[in-house]
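Structure record follows, encoded as structure tokens.
Predicted model, so just to flag it, every value in this text is computed and none were measured. Counting begins at 1 with the first residue of the sequence.
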Amino acid sequence: MGERAASRRRVLIEDARRDGHHLRTTWHPENRQFVVSTWHDDVCTGATRVAVEDVAALTGLLVAGLAETAAAEPIPPPGPAHPFGAWAARARAWLRRTA
């Protein structure tokens, strides 16, 4: 799981590839919005404002994914970023399924 830094109104999650990318979510009660932004190192590369009314749909997706993961085979933690890392992981998973 990615490294997390949290405060009362902000969560920062490191990208699973460990390549300097992060997802940051901040709560802005004055606007009743969450801002979900993507960062590379200390540069914001994009942001989306999510109205509080739309958070249930996003939360539902995250919870459904967690439930599906809990029912599935455990996934090993990601290794270091490598150009062939994703391909190698898919190949290992395929080999496990066919064995």
Item to complete: Using the ring pair (Phe, Tyr, Trp, His ring centres under 6.0 Å) rule, collect all pairs that involve residues 39-62, keeping only residues at least two apart or in two chains.
Response: His21-His40
Practice prompt. Flag the pair His22 / Thr38 as yes when at least one side-chain heavy-atom distance between them is below 4.5 Å, and no otherwise.
Written response: no
Worksheet entry | Of all pairs that satisfy salt bridge (Lys or Arg N to Asp or Glu O under 4.0 Å), the ones with a partner from residues 57-69, not counting sequence neighbours | none
Item to complete: Given side-chain contact (heavy atoms from CB on, under 4.5 Å), test Val11 with Phe34 step by step and report yes or no.
Response: CA-CA 11 Å; Val11 175; Phe34 290 88; over 6 Å; no
Fill in: Partners passing side-chain hydrogen bond (donor to acceptor under 3.5 Å, both in side chains) against Thr48 (at least two apart in sequence or in another chain)
none
Worksheet item: Does any pair with a residue in residues 42-70 pass ring pair (Phe, Tyr, Trp, His ring centres under 6.0 Å), and if so which ones, sequence neighbours excluded?
Response: none
Worksheet item: Can you list every salt bridge (Lys or Arg N to Asp or Glu O under 4.0 Å) pair that touches residues 33-43, not counting sequence neighbours?
Response: none
Practice prompt. With sequence neighbours excluded, give me every side-chain hydrogen bond (donor to acceptor under 3.5 Å, both in side chains) pair touching residues 52-67.
Written response: Arg32-Glu53
Discussion item. I'd like to check the side-chain hydrogen bond (donor to acceptor under 3.5 Å, both in side chains) partners of Arg24; sequence neighbours left out, ordered by chain and number.
Written reply: none
Response to the item:
Residues at least two apart in sequence or cross-chain that pass side chain to side chain contact (heavy atoms under 4.5 Å, CB included) with Val36, listed by chain then number, are Leu23, Thr25, Val50
Worksheet item: Are Val52 and Leu58 joined in one hydrophobic group, where the rule is that I, L, V, M, F, W and Y side chains link up if heavy atoms are under 4.5 Å apart?
Response: no
Discussion item. Please check: side-chain N/O of Asp15 versus main-chain N/O of Arg17, any donor-acceptor pairing under 3.5 Å?
Written reply: yes
Worksheet item: Do Thr26 and Arg10 have side chains that get closer than 4.5 Å, going by heavy atoms?
Response: yes
